[in-house]
Amino acid sequence: MSLHPDTMLALGSLPRPSILAEPGLVIRQGHFVAFVCSNPSGYDIFCLEKKGHKVMDKENIGSSITEARFHLGPVNESTAGIYCCVYKKEPNWSLHSETLELKVTSEDVTKSPNPGSPETPVFTLQSYTVWNGTHMALAGVILFVLGVIIGEYWHKE
């Protein structure tokens, strides 16, 4: 398959999206997982793909929305696999995000790993809380700075 030159120029001209899985990449059978695909510049459509095939897509309903959440579950063995996301922002499609491998287990993944076990969770609920708190603090600082700039501009008039 050959692409039209205009399509080749447009492909990948958008920032690569990011992807993460909540609560993690190892999910107990029968439980739920959410893939969160995001892009700081917004999107028209986000697609979640598994091994190159569309699983589902979400259309953006607001101009300031920068992430799409794809809820899967209850999960089973067929849900396990390699996932990524891609988005469209008229008229272009982005490159694919990094891939994530979802594993479904029959074991309780909430118990603590054995000491010396190589499989320790990378992200915990506490680390997401810290991450979200950091984002909120940064957003507050940005809003404050914008408020000062607007206030000074308005005061000069």
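Each residue takes its place number in the sequence, starting with 1.
Atoms SG and CG, from Cys85 and Leu48 in turn, are 7.0 Å apart once rounded to the nearest 0.5 Å. Taken to the nearest 0.5 Å, the CG atom of Leu72 stands 10.0 Å off from the CD1 atom of Ile27. Atom NZ of Lys50 and atom CE of Met56 lie 11.5 Å apart (nearest 0.5 Å). Atom CD of Glu90 and atom OH of Tyr43 lie 14.0 Å apart (nearest 0.5 Å). Considering CG of Asn92 and CG of Leu14, their distance stands at 5.0 Å, rounded to 0.5 Å. Between atom CH2 of residue Trp93 and atom NZ of residue Lys88 there is a gap of 6.0 Å, rounded to the nearest 0.5 Å.
Considering only heavy atoms from C-beta on, Val104 stays 4.5 Å or farther from Val33 through its side chain. Looking at Phe32 and His71, their side chains never come closer than 4.5 Å, going by heavy atoms from C-beta outward.
Across all their heavy atoms, Ala21 and Leu100 have their closest contact at N-CD1, 3.8 Å. Across Ser106 and Arg28, no two heavy atoms sit closer than the pair O-NE, 3.6 Å. Considering every non-hydrogen atom in both Arg16 and Leu95, the closest pair reads NH2-CD1, 3.5 Å. The nearest pair of heavy atoms linking Cys47 to Lys54 is SG-CD, 4.1 Å.
Between Phe46 and Tyr87, the ring-plane angle classifies as tilted under the 30° and 60° cut-offs.
With Asp57 contributing its side chain and Ile45 its backbone, the two residues share no donor-acceptor pair below 3.5 Å. Remark: the backbone N or O of Pro17 is not paired with any side-chain donor or acceptor of Asn39 at under 3.5 angstrom.
Ser38 and Thr66 form no side-chain donor-acceptor contact under 3.5 Å, judged by distance and modelled atom types alone.
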_Glu101 vs Ile82, test: side chain to side chain contact (heavy atoms under 4.5 Å, CB included). Steps then yes/no._
CA-CA 4 Å; Glu101 184 174 2; Ile82 298 174; 4.2 Å; yes
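We find that Glu67 and Arg69 are joined by a salt bridge, their nearest charged nitrogen and carboxylate oxygen being less than 4.0 Å apart.
Leu146 and Trp154 are assigned to two separate hydrophobic clusters, defined by single-linkage of ILVMFWY side chains at heavy-atom distances under 4.5 Å.
Applying side chain to side chain contact (heavy atoms under 4.5 Å, CB included) to Glu49 and the options Val55, Thr99, Val86 leaves one that passes, Val86.
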